[in-house]
Amino acid sequence: MSNTFKITVRQRKITRKRVFAEYVTSCLATSDESISRENEQCPQVLKDTSTVTMVTTSPPLGVITSGKAGKPKFIKSTKRLGDCQLNTAIANSSWSCCGNTYNEVLEIHKHVAKEHHEKIERLTESRLNTALNDMCEDDKNERISSDLKQKRPTTEDHKILYRNTDTLPWLPSEKECSDTSDVDNEGQILLYYKYVDVKDPDEICAWQQELCRRLRLTGKIRIAREGINGTVGGSISATRLYMQSVQNHPVFQQIDFKTSKGSAEDFPNGLQVGVHPEIVPMGVDPDQLTYMQAGNHLSSEAFHRELETHLSKDTSDEKDTVFVDCRNFYESRIGQFPGALAPDIRKFSYWPEYIDKNVDTFKDKRVIMYCTGGIRCERGSAYLKSKGVCKDVLQLEGGIHRYMDRYPNGLFKGKLFVFDDRYAIATNETTISTCFYCAQPWDKYQPCSSPHCHQLVLSCPQCRGQGSTACCHSCKEIAERVEVEGQRPKEECECTRERVRIPQETICGDKLQQGTRTCIENVTTRDKLQHDEETSSTDQ
């Protein structure tokens, strides 16, 4: 029994009186039919010769219920079974007990109090314990309900939904999964997303964890009430079975998978599956700005034609269309569409601020957006549309990834950045970026050599051989001090200090200036690349 609720002396007294009156009444009910008529006017009493039972449509006297601030509340009856009722009950009859016959209420009271007080006490204790236990249980249920509202179940709570022996159309058996190890060790990496209403993200998370475990897949998967976003790697047969299983799920039918060469080893951190507020972090509540508000999709063919037309125009007067790269600067640094606006922002969660600061850039324009696989354009275009300044907002369906499948030697120049240890994939030999140190063409990223730094660096083999492996000279100096002092640095390196968080775009004629750069122009050296916790967001 919980110690939260206690019975007061007054409550015990009231309950004892109630039990006493019910006990006497139940005894009288066995001797005269007139009691039945009286009980019809007082439906709280049920005639029973062996026990005292309460039948009520509202809490009876002596029952404890929730009060204010979690305090017990004792219910008093508006109809007490007192002398008046008992007098009516025995007006035309007598009552026999313990070999004696009683005709007066006072005598009955005296007899019950003297000879049956132990039974009255037992009935009273029983009534109080029952009421108190009910109250404690109600309080427990209320607290559990409150906890569930405040904190949704974790993935750990749902793991029991999928045991090793479970088999479903979207969860192949262990035996099926064990046959997916390719002898030649060929593998591939999948990139996919789907915006769809998910009622129970935690259940989907548990399913994905079990499915990937059986298929020995690695990667990163984000799940939210707005859908799923993932990239996973493994053997060819394992990834094929994964695609089939996911598409068999009633929520994720007709999902679009993009494939590229790779393996499970390209995700050194193994499998990361989690439930998040958004499937790609933009920092705007999906309930306030949904994927349903996104711009219209353009196929790869339609996008290609639009860009060809755009590039064929000579003057800005003829150009009412702006092509915008929704990716981060370190992604657009190594690969872009020519003539596109490439915002110099560090991560996608800066996108709303960037649009707010540069809304005039898109005023009265047709805006065509693109990103890696299409996911960032969905809600990114929705945010731009919400400003109500554009003639139209369109997006490349399937992103650069799908465009490169259709046009391997098309208008996209350079490499496509990906969020795994490959760092980039390519379908052409064009290099648009340069080494941070010597400005020679180079587009192969490697992590900054400073242990405290999370940047990616473009440093050619010659410069790396000379020790230029940090994102900038000041970062290397900071790392050397950290090694001597043994403390985590508080100051920022030079390339971080000099970077503007949200650039201000300026359009002069047909050229973009200040915070913006267009494809294959103004590629500066020693530019910091941010590859921190945001890489776990599986941006596409």
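Fair warning: this is a prediction, and the values are worked out from it, not measured in the lab.
A donor-acceptor pair under 3.5 Å is formed between the side chain of Thr290 and the backbone N or O of Met292. A donor-acceptor pair under 3.5 Å is formed between the side chain of Asp200 and the backbone N or O of Glu203. Using modelled atom types, one side-chain atom of Arg422 and one backbone atom of Lys261 make a donor-acceptor pair closer than 3.5 Å.
By the 30° and 60° cut-offs, the orientation of the rings of His249 relative to Phe252 is tilted. The aromatic rings of Phe323 and His310 are tilted relative to each other, their planes meeting at an angle between 30° and 60°. Ring-plane geometry between Tyr445 and Phe417 is classed as perpendicular, the angle between the planes exceeding 60 degrees on a 0 to 90 degree scale with a lower cut at 30.
Ionic pairing of Arg213 and Glu174 is present here: one or more N-O contacts between side-chain nitrogen and carboxylate oxygen are shorter than 4.0 angstrom. Salt-bridge formation is not detected for the pair Glu301/Arg305: no Lys NZ or Arg NE/NH1/NH2 atom is positioned less than 4.0 Å from an Asp or Glu carboxylate oxygen. Classification of Lys363 and Asp360 as a salt-bridged pair fails, no side-chain N sitting under 4.0 Å from a carboxylate O. In summary, Glu331 and Lys415 do not engage in a salt bridge, as defined by a charged side-chain N under 4.0 Å from a carboxylate O.
Taking the six-membered ring for Trp and the full ring otherwise, Tyr403 and Tyr407 have centroids separated by under 6.0 Å. Between Phe303 and Phe337, a ring centre-to-centre spacing shorter than 6.0 Å is recorded. The distance between the ring centers of His473 and Tyr437 falls below 6.0 angstrom.
Pairs engaging residues 268-283 under the salt bridge (Lys or Arg N to Asp or Glu O under 4.0 Å) rule: Glu278-Arg379 [sequence neighbours left out].
Under the 3.5 Å distance criterion, with hydrogens and angles disregarded, no donor-acceptor pair is assigned to the side chains of Ser468 and Gln466.
At most 12 non-hydrogen atoms from other residues, nucleotides or ligands lie less than 6.0 angstrom from CD of Gln462.
The one candidate from Gln208, Lys220, Arg222 that meets the side-chain contact (heavy atoms from CB on, under 4.5 Å) condition with Val273 is Gln208.
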Applying salt bridge (Lys or Arg N to Asp or Glu O under 4.0 Å) to Lys194 and Asp256, what does each step give before you reach the verdict? CA-CA 8 Å; Lys194 187 174 181 65; Asp256 179 32; over 6 Å; no
